[in-house]
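The structure appears right after this line, and notes come after that.
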Amino acid sequence: MVAAVSLPSQAQAVLRSRLCDPVFIHSALSSSLDTNYSKLKYLVASSVSEACNNSVLLLGPRGCGKAAVVDMVLDDLKEEHPDAISVEIARQLCLEHQLSFSKMASSDDNTEFMIDMLRECGLAHKTILFILEEFDLFAQGKQRLLYSLLDAMQSLTSQAVVIGVSCRLDADQLLEKRVRSRFSHRKLLFISPSLDDIQRLVEHLLILAKDSGLPSKYIADYNSRLTSIFSDKKFKGCLNSLMDADATTSNIQRFLFRAVSYMDMESGFLSVESFLKALSSMQRQPKMDSLQDLSILELYILVCMHRLESKEQTSYNFTSIMKDPYKTPIRLLINMQAPFVLGPLSTFRIVS
């Protein structure tokens with residue numbers, strides 16, 4: 001017999017599913033024409049409809065939503081142009097166009113395969129999207145892949161869009177002159193959201209819609225209490241503290257997920273204490289917590305270990321620790337407290 005799920009548990013499940021869905025988190029971006037989502041979608045859509053080549057860089061700190069925006073654009077364009085865009089891996093492309101596939105292919109073989117695919121897809125009036133995550137890593141060394149790809153896109157038969165994603169704002173400056181001359185200078189900069197943006201994002205993620213599958217009275221009471229929380233000074237201070245540490249979208253997502261986990265299951269509503277507990281759990285420092293109950297002897301040993309690590313010595317035993325200038329107080333403490341239990345010291349790579 002299956003037990004009935006309580007109303008607070010259902011609401012908690014709805015909120016968690018939202019917070020685990022990158023598309024829903026960034027769906028608010030699609031409402032404005034001035035967002036990076038709209039700009040990227042227009043660029044790729046025009047390349048598909050006009051059968052031309054394009055390239056663009058998405059630059060910004062980690063966790064600001066670059067990959068999520070790319071996924072949203074791809075999903076939208078696959079619905080609008082189902083015959084012109086397809087997401088496939090190399091093996092599927094080989095089967096579709098009757099080309100050979102080998103896991104042991106060399107760099108030259110892969111370059112030749114890429115050029116063949118550009119030609120075949122161009123003749124089939126299909127656009128290939130190359131998404132190069134960690135673009136700055138492709139810009140290291142001789143940059144043969146980038147040069148071969150961009151040089152092949154100069155032909156009239158190819159239809160491709162290169163989207164580079166990087167957390168380095170100077171990624172385009174890493175390109176060689178021959179590569180830079182073939183790469184368009186389009187850049188979309190992703191910056192950390194402001195406090196107003198964060199507040200809108202929190203409302204977008206936590207306010208329950210009428211079609212959430214929950215009773216209308218509960219939704220009204222839940223949204224009313226949540227609105228009052230948003231105007232609370234403690235909640236605003238909580239958001240300010242969070243933004244001072246890390247204002248990226250992914251960090252806000254983790255914070256809200258923890259706040260939902262601290263929901264009061266008796267009342268079925270979020271409270272200011274839920275957000276304060278979430279902030280407190282994110283600000284914990286496990287290493288500092290493990291030091292609270294250490295004895296003076298163990299703290300002395302940690303100091304010696306730290307001194308050895310500063311000298312680039314990554315493994316040590318008690319003999320090497322005793323040779324440290326701090327050995328005199330350690331010997332005295334060993335005589336006073338021996339035998340003792342190491343406890344948390346086992347996490348600091350002591351070898352016998």
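If you read the sequence from its start, that first residue is 1, and numbering goes on from there.
Atom CD1 in Ile163 sits 5.0 Å away from atom CG in Leu129 (nearest 0.5 Å). Considering CD1 of Ile128 and CG of Asn53, their distance stands at 10.0 Å, rounded to 0.5 Å. Atoms CG and CD1, on Leu239 and Ile252 in that order, are 6.5 Å from each other to the nearest 0.5 Å. Note that CD of Glu80 is 10.5 Å distant from OG of Ser49, once rounded to the nearest 0.5 Å. Rounded to the nearest 0.5 Å, atoms CD1 (Ile229) and OG (Ser231) are 9.0 Å apart. The distance from the OG1 atom of Thr227 to the CG atom of Asp232 is 12.5 Å, given to the nearest 0.5 Å.
Clustering ILVMFWY residues whenever any of their side-chain heavy atoms sit less than 4.5 angstrom apart, transitively, puts Leu77 in a cluster other than the one holding Tyr42. There is a path of hydrophobic side-chain contacts, each under 4.5 Å, that joins Leu201 to Val14. Note on Leu175: it does not cluster hydrophobically with Leu137, by side-chain heavy-atom contacts below 4.5 Å among ILVMFWY residues. The cluster map of Ile, Leu, Val, Met, Phe, Trp and Tyr, joined by side-chain heavy atoms under 4.5 Å apart, puts Val56 and Leu74 in the same cluster.
For Asn54, the side chain to side chain contact (heavy atoms under 4.5 Å, CB included) test picks out Leu43, Ser47, Cys52, Val161, Arg186, with sequence neighbours left out. Taking Arg200 as the reference, Asp196, Asp197 meet the side chain to side chain contact (heavy atoms under 4.5 Å, CB included) condition, with sequence neighbours excluded. With sequence neighbours excluded, no residue forms a side-chain hydrogen bond (donor to acceptor under 3.5 Å, both in side chains) with Gln199. Taking Asp221 as the reference, Lys217, Phe269 meet the side chain to side chain contact (heavy atoms under 4.5 Å, CB included) condition, with sequence neighbours excluded. Listed by chain and residue number, Phe183 satisfy the ring-ring contact (aromatic ring centres under 6.0 Å, His included) test with Phe135 (two or more places apart in sequence, or in another chain). For the side chain to side chain contact (heavy atoms under 4.5 Å, CB included) test, no residue two or more places apart in sequence or in another chain qualifies with Asp71. Residues forming a ring-ring contact (aromatic ring centres under 6.0 Å, His included) with Phe235 (at least two apart in sequence, or on another chain): Phe230, Phe275. For Arg18, the side-chain hydrogen bond (donor to acceptor under 3.5 Å, both in side chains) criterion is met by no residue, not counting sequence neighbours. The side-chain hydrogen bond (donor to acceptor under 3.5 Å, both in side chains) test applied to Thr249 returns no partner, not counting sequence neighbours.
Looking at Leu7 and Tyr218, their side chains come closer than 4.5 Å, going by heavy atoms from C-beta outward. Leu58 is listed as a side-chain neighbour of Leu40, based on a closest heavy-atom distance under 4.5 Å. Side-chain contact between Val70 and Ile131 is present, with heavy atoms from C-beta onward closer than 4.5 Å. Taking 4.5 Å as the limit, every side-chain heavy atom of Leu57 sits out of range of all side-chain heavy atoms of Ser166.
Within the structure, every pair that satisfies the salt bridge (charged side-chain N to carboxylate O under 4.0 Å, His left out) test and touches residues 158-175, not counting sequence neighbours, is listed here: Arg168-Asp170, Asp172-Lys187. Every pair passing salt bridge (charged side-chain N to carboxylate O under 4.0 Å, His left out) that includes a residue from residues 46-66 is listed here, sequence neighbours excluded: Arg62-Glu134.
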Legend entry - Intermediate values then yes/no, side chain to side chain donor-acceptor pair (under 3.5 Å), Ser274 and Ser271: CA-CA 5 Å; Ser274 303; Ser271 63; 3.3 Å; yes

Inset, instruction - Kindly indicate, with the supporting measurements, whether the criterion side chain to side chain contact (heavy atoms under 4.5 Å, CB included) is fulfilled by Leu206 and Tyr222. - result: CA-CA 10 Å; Leu206 296 184; Tyr222 169 88; 4.2 Å; yes

Legend entry - CA sep, side-chain torsions, deciding dist, call: Met72, Tyr37, side chain to side chain contact (heavy atoms under 4.5 Å, CB included): CA-CA 8 Å; Met72 289 172 58; Tyr37 161 82; 3.9 Å; yes

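When every heavy atom of Ser241 is checked against every heavy atom of Leu279, the shortest pair comes out as CB-CD2, 4.0 Å. Contact between Leu189 and Asn36 at its shortest, heavy atoms only, is O-ND2, 3.1 Å. Nearest approach of Leu276 to Lys234, heavy atoms of both residues: CD2-O, 4.3 Å. In terms of heavy atoms, Leu214 sits closest to Ile219 at O-CD1, 3.5 Å. Contact detail for Leu59 and Ala171: the closest heavy-atom pair is CD2-CB, 4.0 Å.
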Show me, pair by pair, the donor-acceptor contacts under 3.5 angstrom made by side chains of residues 253-264, not counting sequence neighbours?
| unit_1 | atom_1 | unit_2 | atom_2 | d |
| --- | --- | --- | --- | --- |
| Gln253 | NE2 | Leu19 | O | 2.5 |
| Arg254 | NH2 | Asn251 | OD1 | 3.3 |
| Arg258 | NH1 | Ser281 | O | 3.2 |
| Arg258 | NH1 | Ser281 | OG | 3.1 |
| Ser261 | OG | Arg16 | NH2 | 3.4 |
| Ser261 | OG | Phe257 | O | 3.0 |
| Asp264 | OD1 | Glu266 | N | 3.1 |
| Asp264 | OD2 | Ser267 | OG | 3.2 |

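Ser9 and Ser6 share a side-chain donor-acceptor pair at under 3.5 Å. Between the side chains of Ser38 and Thr35, at least one donor N or O lies within less than 3.5 Å of an accepting N or O.
In Ile207, the CD1 atom is crowded: over 12 heavy atoms of neighbouring residues, nucleotides or ligands sit closer than 6.0 Å. More than 12 heavy atoms of other residues, nucleotides or ligands lie within 6.0 Å of CD in Gln12, so this atom counts as buried by the packing criterion.
With Asp136 contributing its side chain and Leu174 its backbone, the two residues share no donor-acceptor pair below 3.5 Å. Side chain of Ser224 to backbone of Ala220: no donor-acceptor contact under 3.5 angstrom is found. Asn240 places a side-chain N or O within 3.5 Å of a backbone atom of Lys236 that can act as its donor or acceptor partner.
At a threshold of 4.0 Å, the pair Arg144-Glu176 does not count as salt-bridged, since none of the basic side-chain nitrogens sits closer than that to a carboxylate oxygen.
For the pair Arg178 and Tyr147, the cation-pi test (distance below 6.0 Å, angle within 45°) is passed.
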